[in-house]
Amino acid sequence: MFLDKSFRSLQKLQKSLKLTYFFATGWGIAWVLTWLLLISTQQRTVGQPPAPDFGQLSFSQLPSASESGSINIPTDLKKQLNYDPSRQWQAGQSPATFLKLGDFQESFQLQDLSLKEIEQKTGRSLSNVPLSQFSLIKSQTLGSLAAGNPQLNQRRLKQVPLAQALLRKNGFNISRVGNQKIEQLLKRYPKLQNLSLNTLNLTQYQISDIPGLKDLSLGRLKNWANASIADIPGLALIPWSRLPNPPLASGGIARLDLALGEVEQPATRPISGSYQAGFAVPCTNNCAHIELGDNPIAAGKQWISGKSQQVKGGFGVLGALFNGQESTGRHPFGKAFKVAIWEIDEPTGTVTTAWFFRICKRGFIDLGCSPYGVGPIPGFVYQENDWIFLGI
């Protein structure tokens, strides 16, 4: 009797597990089949492609900021970060001038690039670019340039005119040490390591005048995180698909069925929100949004405008920036930036989107990430019946 009951219980458990498995599998297959179906019909539909061509998009091609903004970091937090992410940006300013390498140390990982790799990815030589155009060099010392740079360390002082000029500028007599290697000089005279290149007229020198500079990853250079994209020659020209950790389209797609203005309220079937608040944050007041269709999972769901709703964002110490809030939205292309529905013109069925970036400091000293508040950068424009990528 006991064995018979156990056997029946086992059968019930097995049946339950099968149902769970087939439900989960069916859910995943539904996404895949929906995506394939919509892709196959897309060419018969007039509308925006569901995902951008990251092989063509670069920082230099991002539209200018549509609104002004700022970040103010307390002094004690700057010390923990080892750089100052404080900044201001104006409406009409190019994002490459106020987005910093430190903003992308987790997402795009720009610090892993070297100038040589930038040359390879853009097809443009940087050897003859004046050092004055490589603003990060102004933060370097002779010691920081020599660290992990065998090409510079093994050169004799007389072979590096820039190093000779740097020593002379700081009152050193180089007549007796011209034949010594840079590495030997730095060990013999440790004070030389602190000589700043900012004391030189850098317009007189080119990138090729510092041996091994092009081979150093940007993250090896002092104060790299505080450099803007525009401070690094050629970086803004790299297609995003060729970055060390490029953005990738993810999740399903759906048709933009309806564009509804703020008179529409409430919005109780949301598909928008944030990583911290979840992606189903309802709206009760001034709920401009789009409604989605032609997707069995997302049909009838609402993506609320980021101008209408703020949600909890960020985590850790940096989560306090922007008052801990960010525009509601989704992440169709990964964590590097957030996509928010922005302006909605109901009479014409036109919808604009905006992109927002954030600041992170992870690792041994983990300060978390700020809300997505650096922006807005104008994104794609959609019309009713266009396909829109959902991601998460």
Residues forming a side chain to side chain donor-acceptor pair (under 3.5 Å) with Lys361, sequence neighbours excluded: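 Here no residue qualifies.
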
From CA spacing to verdict: side chain to side chain donor-acceptor pair (under 3.5 Å), Gln93, Ser64: CA-CA 5 Å; Gln93 186 174 344; Ser64 300; over 6 Å; no

Ring geometry between His331 and Phe279 (parallel below 30°, tilted from 30 to 60°, perpendicular above 60°):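 It falls in the perpendicular class, over 60°.
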
Any Lys/Arg nitrogen of [X] or [Y] sitting under 4.0 Å from an Asp/Glu carboxylate oxygen of the other?
X      : Y      : answer
Glu343 : Lys307 : yes
Lys214 : Glu119 : yes
Asp215 : Arg220 : no

Asn198 vs Ser196, side chain to side chain donor-acceptor pair (under 3.5 Å): CA-CA, chis, key distance, verdict: CA-CA 5 Å; Asn198 198 31; Ser196 174; 5.1 Å; no

Reference residue Phe357; test ring-ring contact (aromatic ring centres under 6.0 Å, His included); the match among Phe104, Phe322, Tyr372: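 That would be Phe104.
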
Quiz: residues 180-187 side-chain donor-acceptor pairs under 3.5 angstrom, not counting sequence neighbours:
residue, atom, partner, partner atom, Å
Lys181, NZ, Gln154, OE1, 3.1
Glu183, OE1, Gln154, NE2, 3.0
Gln184, OE1, Lys181, N, 3.0

Residues in ring-ring contact (aromatic ring centres under 6.0 Å, His included) contact with Trp240, at least two apart in sequence or another chain: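 Here the qualifying residues are Phe59, Phe108, Phe337.
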
Donor-acceptor pair, [X] side chain versus [Y] backbone, under 3.5 Å?
X      : Y      : result
Gln309 : Ser305 : no
Arg156 : Asn179 : yes
Asp386 : Tyr382 : no
Asp231 : Ser228 : yes

Phe356/Trp342 aromatic ring centres below 6.0 Å: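 Yes, they do, as the ring centres are separated by less than 6.0 Å.
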
